[in-house]
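Only one structure is covered here, and it is reproduced in the block below.
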Amino acid sequence: MSRKFQIASKEKRLTLSRLSALTAAALSVVLPKAFAQNKSSLRIGYQKYGTLTVLKGTGALDKRLAGLGVDVKWTEFPAGPQLLEGLNVGSIDFGTTGEAPPIFAQAAGADLLYVGNEPPAPGGEAVIVPKNSPLKSAADLKGKKIVLNKGSNVHYLLVKVLEKAGLNYKDVEVIFLPPADARAAFERGSVDAWAIWDPFLAAAEKQLGARILVDGKGAVSNHQFYLAARPYAQKNPEVLRIVLEELAKVDEWGAKNHKEVASILATQTGLETSIVELSTSRFGFGVKPLTEQVIKEQQSIADTFADLKLIPKRINIRDAVFAAKT
């Protein structure tokens with residue numbers, strides 16, 4: 001790993017130490033001997049965005065955990081709901097998603113735990129329309145067909161932007177498709193709008209000339225969350241502590257080196273550099289344990305989905321938050 005990723009100053013080391021201490025307390029860190037008995041592999045689910053994918057590109061986590069006998073395996077998913085389904089059925093141990101997927105997963109009985117989050121990035125998701133669309137504002141969406149990935153962060157985005165425009169969720173026709181199929185429908189003109197996140201958002205802007213009708217600013221926070229399967233977290237808290245330490249290092253470096261981050265992501269995702277640079281400019285950098293404010297925001301989203309009957313039951317976010325149990 002480049003020297004750029006190393007934390008040189010005492011102040012920076014203390015910042016990471018505080019994060020590690022908070023995470024260790026939240027995860028009830030076991031003794032090294034117990035850690036040695038539990039470790040063997042870490043299966044990570046990732047998507048085409050975010051610090052976790054940058055960390056994959058640097059190889060820093062793989063190298064550090066290899067020294068402890070832990071083999072890291074990476075699996076790409078098209079979106080958060082699919083990633084958390086993988087976590088629920090036991091094909092991965094750890095991953096990152098937006099705000100809505102863990103709510104849908106918890107409501108469906110997934111045994112997951114929130115272990116950290118990135119800062120808000122409301123500009124990283126939007127409702128877009130074709131460049132020649134007559135639609136000019138969110139209010140114009142009434143009666144229109146909008147495509148999105150069910151249970152993703154943009155599901156909540158749509159609810160909130162409609163609410164701000166004086167519309168109800170039932171005032172539009174929502175079509176559920178994963179990103180690749182949604183883009184195809186958008187290009188064919190089969191739908192009027194597409195609720196989507198970066199880097200798919202940036203790709204649509206750059207390649208299709210898509211226009212942002214409304215983004216998340218002033219409507220949603222759009223946090224990215226790090227989640228782990230509860231059984232894995234309870235048996236391997238030291239592994240998760242190391243993961244968060246490495247994410248913190250990459251976050252600190254990435255906040256000051258957007259072009260380098262874009263270069264790594266372009267290599268990892270196969271997307272054009274200009275697309276990745278646009279999406280990276282809308283990132284939030286700075287992993288932290290969940291705060292009371294973030295927990296309250298997640299609870300508000302969960303309650304909204306319950307009220308709309310989009311999830312089968314009401315849930316308590318705090319039941320799935322390690323940081324809330326210190």
**Message:** Just verifying a value: how many Å separate E76 CD and L83 CG, rounded to the nearest 0.5 Å?
**Reply:** 10.5 Å
**Message:** Which heavy atom of V115 sits nearest to which heavy atom of L244, and what is that distance?
**Reply:** O-CD1, 3.4 Å
**Message:** Closer than 3.5 angstrom, by distance alone: can the side chain of S133 be matched with the main-chain N or O of L135 as a donor-acceptor pair?
**Reply:** yes
**Straight-line distance of L65 CG to L42 CG, nearest 0.5 Å** = 6.5 Å
**Request:** Please report the shortest heavy-atom distance between A126 and I212, naming the atom on each side.
**Result:** CB-CG2, 3.9 Å
Atom pairs and distances, side-chain donor-acceptor, residues 268-276, under 3.5 Å, sequence neighbours left out:
from : atom 1 : to   : atom 2 : distance (Å)
Q268 : OE1    : K56  : NZ     : 2.8
T269 : OG1    : L265 : O      : 2.7
T269 : OG1    : L271 : N      : 3.3

**Prompt:** Considering residues at least two apart in sequence or located in another chain, which fulfil the salt bridge (charged side-chain N to carboxylate O under 4.0 Å, His left out) criterion with E173?
**Reply:** none
**Item:** Contact check, side chains of I242 and V70, non-hydrogen atoms, under 4.5 Å
**Value:** no
**Prompt:** Under 30°, 30 to 60°, or over 60°: which ring-plane class applies to Y114 and F225, parallel, tilted or perpendicular?
**Reply:** perpendicular
**Item:** Test: R241 and E245 ion pair at under 4.0 Å
**Value:** yes
**Message:** Can you tell whether the side chains of K249 and E252 come within less than 4.0 Å, N to carboxylate O?
**Reply:** no
**Message:** Filter on ring pair (Phe, Tyr, Trp, His ring centres under 6.0 Å), then keep only pairs touching residues 269-288, sequence neighbours left out; what's left?
**Reply:** H258-F285, F283-F285
**salt bridge (charged side-chain N to carboxylate O under 4.0 Å, His left out) partners of D307, counting only residues at least two apart** = R314
**Message:** Could you walk me through whether I317 and I103 satisfy the side-chain contact (heavy atoms from CB on, under 4.5 Å) test, starting with their C-alpha distance in whole Å, then the side-chain angles of each, then the deciding distance to 0.1 Å, before giving a yes or no?
**Reply:** CA-CA 8 Å; I317 296 297; I103 290 171; 4.0 Å; yes
**Validation row: P102, Q298 side chains within 4.5 angstrom (heavy atoms)** = yes
**Any pair counted as salt bridge (Lys or Arg N to Asp or Glu O under 4.0 Å), so long as it reaches residues 176-191, sequence neighbours left out** = R183-E187
**Message:** Restricting to ring-ring contact (aromatic ring centres under 6.0 Å, His included), what partner residues turn up for F104, sequence neighbours left out?
**Reply:** H155, F305
**Item:** 4.5 Å side-chain heavy-atom contact, Y46 and T75
**Value:** no
**Message:** Quick check for you: to the nearest 0.5 Å, what is the distance between L55 atom CG and L61 atom CG?
**Reply:** 5.0 Å
**I196 side chain near F186 side chain, heavy-atom distance below 4.5 Å** = no
**Smallest separation among heavy atoms of L112 and A320, with atom names** = O-CB, 3.5 Å
**Asked** So if you build clusters from Ile, Leu, Val, Met, Phe, Trp, Tyr with side-chain heavy-atom gaps below 4.5 Å, do L278 and V129 land together?
**Response** no
**Complete:** dist T97:OG1 -> L52:CG (nearest 0.5 Å) comes out at 11.0 Å
**Request:** Mind jotting down which residue pairs meet the salt bridge (Lys or Arg N to Asp or Glu O under 4.0 Å) criterion with at least one end in residues 160-172? Sequence neighbours excluded, please.
**Result:** K160-E163
**Fill in**
What one should report as the nearest heavy-atom pair of A302 and I315 is CB-CG1, 3.8 Å
**Prompt:** Okay, side chain of S263, backbone of K259: is any donor-acceptor separation there less than 3.5 Å?
**Reply:** no
**Message:** Determine whether a donor-acceptor pair (N or O, by modelled atom type, separation under 3.5 Å) exists between the side chain of D93 and the backbone of R43.
**Reply:** yes
**Prompt:** For H223 and P119, which heavy atoms make the closest approach, and how far apart are they?
**Reply:** CD2-C, 3.8 Å
**Request:** For the residue pair W74 and D62, establish whether any side-chain heavy-atom pair is separated by less than 4.5 Å.
**Result:** yes
**Asked** Who passes salt bridge (charged side-chain N to carboxylate O under 4.0 Å, His left out) against K313, sequence neighbours left out?
**Response** none
**Asked** Taking it one step at a time, do T51 and V287 satisfy side-chain contact (heavy atoms from CB on, under 4.5 Å)?
**Response** CA-CA 9 Å; T51 305; V287 62; over 6 Å; no
**Prompt:** Heavy atoms, side chains only, cut-off 4.5 Å: are L240 and Y232 in contact?
**Reply:** yes
**Item:** For E85, all residues meeting salt bridge (charged side-chain N to carboxylate O under 4.0 Å, His left out), sequence neighbours excluded
**Value:** none
**Request:** Applying side-chain contact (heavy atoms from CB on, under 4.5 Å), run through N117 and Y226 and close with a yes or a no.
**Result:** CA-CA 6 Å; N117 67 271; Y226 297 108; 5.8 Å; no
**Item:** Passing candidate, side-chain contact (heavy atoms from CB on, under 4.5 Å) with L162, options L167, V127, L157, V214
**Value:** L167
**Prompt:** From K309 NZ over to Y169 OH, what is the distance, rounded to the nearest 0.5 angstrom?
**Reply:** 14.5 Å
**Test item: L141 and D192 side chains (from C-beta on) under 4.5 Å apart, heavy atoms** = no
**Asked** Which pairs, with at least one residue in residues 109-138 and sequence neighbours excluded, count as a salt bridge (Lys or Arg N to Asp or Glu O under 4.0 Å)?
**Response** D111-R230
**Request:** Go through the steps for Q224 and N153 under the test side-chain contact (heavy atoms from CB on, under 4.5 Å), then give the verdict.
**Result:** CA-CA 9 Å; Q224 295 301 312; N153 51 346; 4.1 Å; yes
**Request:** Report yes or no: does S91 contribute a side-chain atom to a donor-acceptor pair with the main-chain N or O of G86 at less than 3.5 Å?
**Result:** yes
**Request:** Ignoring hydrogens and angles, tell me if any N or O in the side chain of E99 forms a donor-acceptor pair with the backbone of N222 under 3.5 Å.
**Result:** yes
**Message:** I need the L201 CG to Y49 OH distance, nearest 0.5 Å.
**Reply:** 13.5 Å
**Message:** Please find the pair of heavy atoms, one from P78 and one from P179, that lie closest to each other, and give the distance.
**Reply:** O-CG, 3.7 Å
**Request:** Return each pair, listed once, that meets salt bridge (Lys or Arg N to Asp or Glu O under 4.0 Å) where at least one residue sits in residues 198-227; pairs must be two or more places apart or across chains.
**Result:** D198-R282, E205-R282, D215-K217
**Request:** Apply ring-ring contact (aromatic ring centres under 6.0 Å, His included) to F200 and list each qualifying residue two or more places apart in sequence or on a separate chain.
**Result:** W197
**Validation row: V239, F94 side chains within 4.5 angstrom (heavy atoms)** = no
**Message:** For the backbone of K296 and the side chain of S300, can you confirm whether one donor and one acceptor N or O come within less than 3.5 Å of each other?
**Reply:** no
